[in-house]
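All remarks here apply to the structure that follows.
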Amino acid sequence: GNSVTQMEGPVTLSEEAFLTINCTYTATGYPSLFWYVQYPGEGLQLLLKATKADDKGSNKGFEATYRKETTSFHLEKGSVQVSDSAVYFCALKRSNYQLIWGAGTKLIIKP
Amino acid sequence: NAGVTQTPKFQVLKTGQSMTLQCAQDMNHNSMYWYRQDPGMGLRLIYYSASEGTTDKGEVPNGYNVSRLNKREFSLRLESAAPSQTSVYFCASSEDANTYEQYFGPGTRLTVT
């Protein structure tokens with residue numbers, strides 16, 4: 001079946017460090033892939049997306065590339081800030097309505 | 001625009017009690033969703049409504065009912081709450097069922113004792 005696996009958290013980094021949060025997926029066909037972010041006390045919001053192989057999604061300094069050969073969609077940022085502290089969710093969309101979610105990775109950035 | 005609003009923000013119930021979680025969106029979206037979020041499990045879809053007048057079961061519908069009251073409002077009802085329903089509940093909406101982006105409310109934290 002379809003599934004999404006994310007690295008376990010929390011991930012703790014110092015400000016200005018390089019960030020990678022790993023996401024791999026299992027799916028039939030060619031799903032669309034997403035990263036959502038949940039800031040403390042808020043609902044989730046879409047951070048970036050990629051709809052086909054080799055697409056790169058980007059937003060707010062974050063990037064992720066759809067790698068079909070490794071079934072991965074890793075989230076990266078070159079220099080994190082304290083304001084990036086949040087929970088990050090990787091998800092895939094099948095051909096119908098449903099999003100399949102990873103468990104989420106909590107990111108803590110220390111000043 | 002308020003986006004997606006949910007009430008209440010917090011609720012404590014005793015086992016066997018009932019309650020309704022309310023959700024409303026002001027973006028004229030056709031599709032609405034109810035999720036639960038449990039530690040280490042990501043989000044799981046309870047029910048969704050692809051369009052006004054339709055509702056369908058998601059991944060974990062047992063113990064819940066929903067009503068799509070109109071295009072704006074989508075409520076989730078727990079008829080007889082159980083401790084296993086302790087969770088954070090999120091309502092979301094999207095332009096339609098095929099749209100990539102879903103917009104989420106702030107969530108309701110429910111504890112069943």
Side-chain angles (χ1 to χ4, degrees), chain A residues 1-11 21-27 29-52 55 57 59 64 66 73 75 86-106, chain B residues 1-7 9-10 21 23-25 27 29-51 54-61 68 74 87-109:
Chain A
N2 299 298
S3 65
V4 175
T5 303
Q6 289 181 237
M7 61 190 294
E8 285 193 31
V11 173
I21 299 178
N22 290 339
C23 171
T24 57
Y25 68 90
T26 303
Y30 300 89
S32 296
L33 300 172
F34 308 88
W35 278 101
Y36 276 76
V37 59
Q38 183 181 25
Y39 297 105
E42 299 183 11
L44 284 73
Q45 54 186 276
L46 181 65
L47 180 61
L48 54 84
K49 68 178 187 287
T51 58
K52 61 182 187 296
D55 264 4
N59 186 23
Y66 189 153
F73 192 53
L75 183 69
V87 181
Y88 293 81
F89 292 89
C90 185
L92 68 83
K93 190 175 195 296
R94 306 187 317 193
S95 57
N96 60 9
Y97 60 90
Q98 193 165 349
L99 283 168
I100 307 297
W101 297 86
T105 302
K106 185 172 184 177
Chain B
N1 278 352
V4 179
T5 57
Q6 292 182 236
T7 55
K9 286 194 187 317
F10 301 94
L21 281 64
C23 173
Q25 51 90 10
M27 296 173 281
H29 284 170
N30 289 303
S31 301
M32 298 184 74
Y33 312 83
W34 275 106
Y35 291 94
R36 59 179 290 171
Q37 182 183 31
D38 300 298
M41 298 189 72
L43 277 74
R44 291 183 291 169
L45 184 66
I46 304 171
Y47 271 93
Y48 74 104
S49 171
S51 60
T54 69
T55 60
D56 285 285
K57 295 178 180 179
E59 185 184 352
V60 289
R68 183 76 182 265
F74 189 39
S87 188
V88 180
Y89 291 86
F90 287 101
C91 178
S93 70
S94 65
E95 203 170 306
D96 59 54
N98 293 316
T99 304
Y100 299 124
E101 183 166 5
Q102 295 184 9
Y103 295 78
F104 284 78
T108 295
R109 185 173 293 274

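Letters A, B, ... mirror the listed sequences (proteins, then strands); counts begin at 1.
Residue pairs satisfying the salt bridge (charged side-chain N to carboxylate O under 4.0 Å, His left out) criterion with at least one member in residues 31-42 of chain B, sequence neighbours excluded, are listed as follows: R36(B)-D38(B), D38(B)-R44(B).
Ring-plane geometry between H29(B) and Y103(B) is classed as tilted, the angle between the planes lying from 30 to 60 degrees on a 0 to 90 degree scale.
Only the side chain of Q38(A) comes within less than 4.5 Å of a heavy atom in chain B; its backbone stays farther off. Looking at Q6(B), neither its backbone nor its side chain comes within 4.5 Å of chain A, counting heavy atoms on both sides.
In this structure, the side chain of W34(B) engages the main chain of F74(B) through a donor-acceptor pair within 3.5 Å.
The residue among I100(A), V87(A), T51(A), V4(A) with the most heavy atom pairs within less than 4.5 Å of chain B is T51(A). Counting heavy-atom pairs closer than 4.5 Å to chain A, the top-ranked of the candidates S31(B), G105(B), G42(B) is G42(B).
The side-chain contact (heavy atoms from CB on, under 4.5 Å) search around L46(A) returns F34(A), Y36(A), E101(B), not counting sequence neighbours.
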